[in-house]
Amino acid sequence: MSGSERYKALKGMHDIMPPDIYLWQRTEGIAREIFSSYGFQEIRPPVVESTGIFTRSIGENTDIVEKEMYTFSDKAGRSISLRPEGTASVVRCYVENNLHTLPAPQKFSYAGPMFRYERPQSGRFRQFYQIGVEAFGSPHPETDAELLSMLRHFLGRLGLRSLHFQVNSIGCPACRPAYREALLGFFSDRIETLCPDCRRRYGQNPLRILDCKVERCVEMRKGAPAVTDYLCQDCRSHFERLCSLLELLGISHTVNPEMVRGLDYYTRTTFEVTSENLGAQNTVAAGGRYDRLVKEFGGPDTPAIGFAIGMERLIDLIKLSAEHRPPAPEVFIATIGEQAVTEGMLLAEKLRISGLWVETGDPVSSLKSQMRRADRLAAGYVLVLGEDEIRSGKIQWKRFADSTQGEIGLSGVCDFILNKA
RNA sequence: GUGGGCGUAGUUCAAUGGUCAGAGCACUGGAUUGUGGUUCCAGGUGUUGGGGGUUCGAGUCCCCUCGCCCACCCCA
């Protein structure tokens, strides 16, 4: 504990280990299963990219690129960065590999670590994991709805309840400037009454005033123009269609015109899934449309939409939702005597080949301590193998769950366990 | 970057400024020889995060530093 000489993980970076790792594996498996049933195929872009990929897509003046990126020079002096999010890399991959030549829409998923140099807090880390999906080539609100539906499907399969879906449309280059002007106009005569942060936001990113938590600001923005009232005809009908599809699919949600997304590339649909049970960082998944990004990356004009799920936050919720038992060995082989140790190894191998998780006892410790260890591991069956068993060819089995035990011929052990386990 | 809280055994925590810093859990062994959990007995560990200061005396008070947690900011 006197740790100055012992290495520790870096601030904001954590080991994911048992028993949590089982929740991660299960969650990732369910994601793979469900996403693939919607036609999403996994891709694995590198974790490091040219810095420009992120600055151009996420936005030069966002906090992420301004102060949160892990940016380095490589040996040749190129500026490279650890990815702070997944979409930019996937778009780069899509363009670089000319994936638009494949039949649209093309749908991809990814999973892995992201990096942001932030001050850690509950639900926020410097290395954190996201599972995300991106669909390219469909401008239709049906695709938006399908994504939301898939997300709900996934979260439902994990047993999560009481999640809050919020959707919004932030318009397109045709209609957003007008809204921005309206917002600036609304606040222009009351800038002084806003909090210092919001005064800064007024110049930087006025939309952010809409989700300020300061009470006075909440009060001041009553009656502020809503983005949804300023949508152009195309954006409006896209959004209305989406909302009616969500109704049809039975996805309960809130339309929240004050919902703001942090990344610059979003157009039209944005959405967020939040939970009451997470602390301040309560967004577990979020996403939206980015119809201009592919073109900006040098590809053909291609609409796209995606979302990302914050794994740590998701796992937190899964842990809260129910008790989760880590897996336990199916069989524990306790041995007494040298010959039994050898026989035990052979038996263990045989059972493992059948796919069972088998542990063996410490060759030199007493049967009692081996039994105790088996119990602590919560092993399904203990097989006791000693001189008597080797002589008689019959092995003792014991099941902790109901404290039953019995005898079985050595040759039949495998079938016996497989049938019961 | 800003603010608040907390650092004592592997872990969770205790200890009016005053003997040798304790307890639960965990771990190991044992309670008639080859049977776990419950019970009983026995066993060990700390540079009290680090450094300095005040004091006859500091885990306790003060300063610095490092680390963790939470919140702001921002975001998954």
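Order of the sequence lines fixes the chain letters, A, B, ..., with proteins taken first and strands second; residue numbering starts at 1 for each chain. Values in this document were obtained by computation on a predicted structure and should not be read as measured data.
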Produce the list of close N/O pairs, under 3.5 Å, pairing protein atoms with atoms of nucleotides 29-35 of chain B; give distances to one decimal.
residue : atom : partner  : partner atom : Å
B:G29   : OP2  : A:Arg372 : NH2          : 3.1
B:G34   : O6   : A:Asp388 : N            : 3.0
B:G34   : O6   : A:Asp388 : OD1          : 3.3
B:G34   : O6   : A:Asp388 : OD2          : 3.0
B:G34   : N1   : A:Glu389 : OE1          : 2.9
B:G34   : N1   : A:Glu389 : OE2          : 3.3
B:G34   : N2   : A:Glu389 : OE2          : 2.7

What's touching nucleotides 66-69 of chain B from the protein side, N or O pairs under 3.5 Å?
residue : atom : partner : partner atom : Å
B:G67   : O2'  : A:Lys8  : NZ           : 2.8
B:C68   : OP2  : A:Lys11 : NZ           : 3.0

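Applying the side chain to side chain contact (heavy atoms under 4.5 Å, CB included) test to A:Pro363 and every residue at least two apart in sequence or in another chain returns A:Val341.
The distance between atom CG of A:Asp362 and atom P of B:U28, rounded to the nearest whole Å, is 10 Å. The interatomic distance linking A:Asn282 (CG) with B:C72 (C1') rounds to 15 Å, in whole Å. Between A:Lys213 atom NZ and B:C70 atom C1' the separation is 13 Å, expressed in whole Å. Per the geometry, NZ belonging to A:Lys67 stands 11 Å off C1' belonging to B:C72, to the nearest Å. We find that CZ of A:Arg126 is positioned 17 Å from C1' of B:A76, with the value rounded to whole Å.
A:Tyr117 carries A:Arg126 over the face of its six-membered ring, with the cationic atom under 6.0 Å from the centre and within 45° of the normal.
With hydrogens and angles ignored, no donor-acceptor pair under 3.5 angstrom links the side chain of A:Asp375 to the base of B:G37.
Here the rule is side chain to side chain donor-acceptor pair (under 3.5 Å) with A:Arg289, and of A:Thr270, A:Asp144, A:Thr267, A:Thr143 only A:Asp144 fits it.
Of the listed nucleotides (B:G36, B:U28, B:A76), B:A76 has the atom at the smallest distance from the side chain of A:Gln130.
A:Asp197 and A:Arg200 are joined by a salt bridge, as a carboxylate oxygen and a charged side-chain nitrogen come within less than 4.0 angstrom of each other.
Residue A:Arg376 places at least one side-chain N or O closer than 4.0 Å to OP1 or OP2 of B:C27.
Screening residues 358-369 of chain A for side-chain hydrogen bond (donor to acceptor under 3.5 Å, both in side chains), with sequence neighbours left out, gives A:Trp357-A:Glu359, A:Ser365-A:Ser369, A:Ser366-A:Ser369. For residues 267-278 of chain A, the salt bridge (charged side-chain N to carboxylate O under 4.0 Å, His left out) pairs, not counting sequence neighbours, are A:Arg261-A:Glu272.
Looking at heavy atoms from C-beta onward, A:Leu151 lies out of side-chain contact with A:Leu147 at the 4.5 angstrom threshold.
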Using a 3.5 Å limit on both pairing distances, list the dot-bracket string of RNA chain B from the 5' end; Watson-Crick and G-U wobble pairs count, crossing pairs take [ ], interstrand pairs take |. (((((((..((((....[...)))).(((((.......))))).....(((((..]....))))))))))))....
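Each of A:Asp63 and A:Arg373 lies near RNA chain B, and the nucleotide nearest A:Arg373 is the one positioned closer to the 5' end.
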